[in-house]
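I have placed the structure first, in the form of structure tokens, so that the comments after it can refer back to it.
Below, chain A is the first sequence line, B the second, and so on; all start at residue 1.
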Amino acid sequence: MLSILKSVWLVFLHLFRRKITIQYPEEKAYLAPRYRGRIVLTRDPDGGERCVACYLCAVACPVDCIALGATEDEHGRRYPEFFRINFSRCINCGFCEEACPTYAIQLIPDVEMAEYQRQNMVYEKKDLLIDGEGKYHGYNFYRVAGLAIGGKDKGEAEKESPPVDPKSLLP
Amino acid sequence: MSDVVFKLVLIATVLLVILHLAGFLIWVERRLLALLQDRLGPNRAGPLGLFIIVADIIKIFTKEDWIPPFIDKPVFVAAPMIIMVTALLSFAIVPFAPGAVILDLDIGVLLFLGLSSMGIYNVILAGWASNNKYALLGGLRMAAQMFSYEVFMGLSLMGVVTLAGSFNLSAIVHAQREGWFIVPQFLGFLIFFIAALGETHRLPFDMPEAESELIAGYHTEYSSMKFGMFFVGEYISVTLFSALMTTFFFGGWLGPVLPPLAWFCVKTAGFIVVFIVLRAALPRPRYDQLFAFGWKFILPAALLNLVVTGALVLWKSS
Ligand code: SF4
Ligand code: SF4
């Protein structure tokens with residue numbers, strides 16, 4: 001009986017506590033930098049697209065919401081001709097980010113993506129591509145990869161030794 | 001003639017105020033519950049979120065009023081009306097201020113007890129007519145609940161009646177000029193309060209509704225305004241019981257400085273707040289626990305209270 005009165009009194013005292021409500025549109029809740037929200041495509045430090053259109057993200061995606069088509073520019077660099085993410089299907093799992101070998105696709109802490117029309121949830125490449133490097137700075141896939149592209153031959157990448165000539169007997 | 005006009009105006013005012021108050025309580029309860037849980041509650045629509053009442057009313061009126069095909073139609077339709085009618089009728093005997101009472105009945109207390117017992121039918125009939133197991137369980141629980149508190153609700157008031165020497169509510173208020181009945185009848189007040197919780201089936205005694213176990217209990221099958229009637233009826237009952245506790249135990253309109261009506265409103269509002277705080281604080285018991293509590297503990301206490309009060313009154317008068 002006493003405990004009932006005590007709990008009523010304690011609950012009553014809560015009337016004067018500080019309220020924990022966050023008044024959303026005016027006040028925003030803190031989202032950690034690693035929060036998995038909206039997806040962006042980033043660029044490398046030189047301003048080129050990071051994505052090499054390898055389709056790994058599209059394969060990794062459990063709900064199949066990524067669609068892209070690969071093409072090559074005049075330097076032999078692969079890049080996506082189109083890149084489409086249907087955010088009405090995306091479950092923000094982040095698998096695409098984990099699968100991506102070039103840090104191109106990244107999830108950022110932004111969740112305000114509400115739309116009135118479902119078709120507007122489909123983001124094209126121009127909506128996804130940003131000008132910055134996102135969460136991973138200073139990484140350029142072609143500078144560390146052994147692939148030969150226009151302006152960079154085999155063996156010219158960072159920390160890469162020149163290719164061995166298998167026909168030569170010299171060490 | 002002017003008497004009749006006065007009564008008619010009074011009836012209209014009371015109806016208007018009570019119905020609006022019931023709507024207003026929707027907002028009060030939501031805000032207050034939220035504050036008690038360290039939240040802010042609905043505060044967006046209009047100043048302080050007051051327009052949520054309007055939004056709620058629009059919602060309730062524009063929803064489809066669906067009557068399921070498998071129910072007992074006349075009873076199903078009649079059930080929500082019962083609570084509105086009985087709860088509103090009971091206000092006829094409440095004295096709001098000196099002279100401002102619709103029906104100055106000499107058997108006011110009895111009328112109220114009768115009407116409140118009638119009011120319970122809304123839950124039982126709704127539960128029965130819905131032809132749904134959850135609704136039926138809700139109605140069943142209400143019947144059991146009624147058996148546990150109706151017994152001592154009347155008895156708890158008999159102490160007051162003995163002290164005042166009348167069943168007339170105005171006379172009861174007048175009898176409290178020397179001191180409110182809360183002091184000599186503290187036990188009676190506690191018992192009546194518990195009975196009031198059971199009668200209005202509010203938490204902690206909301207077993208017939210129990211949304212965590214019975215979906216929505218007796219009004220599971222109700223929609224639109226029929227559900228709204230249960231909803232509003234509950235608030236009217238809460239207001240009614242707050243008003244009656246004020247009248248029986250806290251001196252009704254009596255009080256210094258402020259006008260009588262203001263005192264009445266302040267006290268009633270206080271009780272409504274207590275109802276809401278209790279809802280936020282207490283868990284719901286099992287209905288057999290309430291049963292045992294009512295019969296083994298409260299009923300003897302109520303009888304004891306009556307006997308002691310009677311003895312004291314006799315001893316004083318002799
Ligand atoms: S976050 Fe998950 S669901 Fe969304 S695009 Fe990436 S892999 Fe697909
Ligand atoms: S975003 Fe990454 S994983 Fe997806 S195609 Fe481009 S490079 Fe491959």
Exercise. Can you say whether L282(B) sits under 4.5 Å from chain A via the side chain, the backbone, both, or neither, judging by heavy atoms?
Worked result: side chain

Problem set entry | Residues of residues 234-245 of chain B contacting chain A, heavy-atom criterion under 4.5 Å, by residue number | none

Exercise. C90(A) and C65(A): side chain to side chain contact (heavy atoms under 4.5 Å, CB included), yes or no, with the steps?
Worked result: CA-CA 6 Å; C90(A) 173; C65(A) 67; 3.8 Å; yes

Exercise. Does any non-hydrogen side-chain atom of P62(A) lie less than 4.5 Å from one of C93(A)?
Worked result: yes

Counting backbone as well as side chains, what donor-acceptor pairs lie under 3.5 Å between chain B and chain A?
unit_1 : atom_1 : unit_2 : atom_2 : d
L35(B) : O      : K19(A) : NZ     : 2.8
D38(B) : O      : I20(A) : N      : 3.0
D38(B) : OD1    : H14(A) : ND1    : 3.1
D38(B) : OD2    : H14(A) : ND1    : 3.1
L40(B) : N      : T21(A) : OG1    : 3.0
N43(B) : ND2    : Q23(A) : OE1    : 3.3
R44(B) : NH1    : E26(A) : OE1    : 3.4
R44(B) : NH1    : E26(A) : OE2    : 3.1
R44(B) : NH2    : Q23(A) : OE1    : 2.9
R44(B) : NH2    : E26(A) : OE1    : 3.1

Exercise. Looking at F250(B) versus F189(B), is the centre-to-centre ring distance below 6.0 Å?
Worked result: yes

Exercise. Any side-chain heavy atom of L278(B) within less than 4.5 Å of one from L197(B)?
Worked result: yes

Exercise. If you look only at pairs with a residue in residues 180-201 of chain B, which of them pass as a salt bridge (Lys or Arg N to Asp or Glu O under 4.0 Å), with sequence neighbours excluded?
Worked result: none

Exercise. Taking side chain as C-beta onward, heavy atoms only, is I105(A) less than 4.5 Å from C51(A)?
Worked result: no

Exercise. Do the ring planes of F291(B) and W295(B) sit parallel (below 30°), tilted (30 to 60°) or perpendicular (above 60°)?
Worked result: tilted

Problem set entry | L137(B) side chain near Y218(B) side chain, heavy-atom distance below 4.5 Å | no

Seminar exercise, completed: Smallest heavy-atom separation, G134(A) atom then I130(A) atom, equals N-CD1, 4.4 Å

Exercise. Can you list every pair that meets side-chain hydrogen bond (donor to acceptor under 3.5 Å, both in side chains) and has a residue in residues 179-188 of chain B, with sequence neighbours left out?
Worked result: Q185(B)-N305(B), Q185(B)-T309(B)

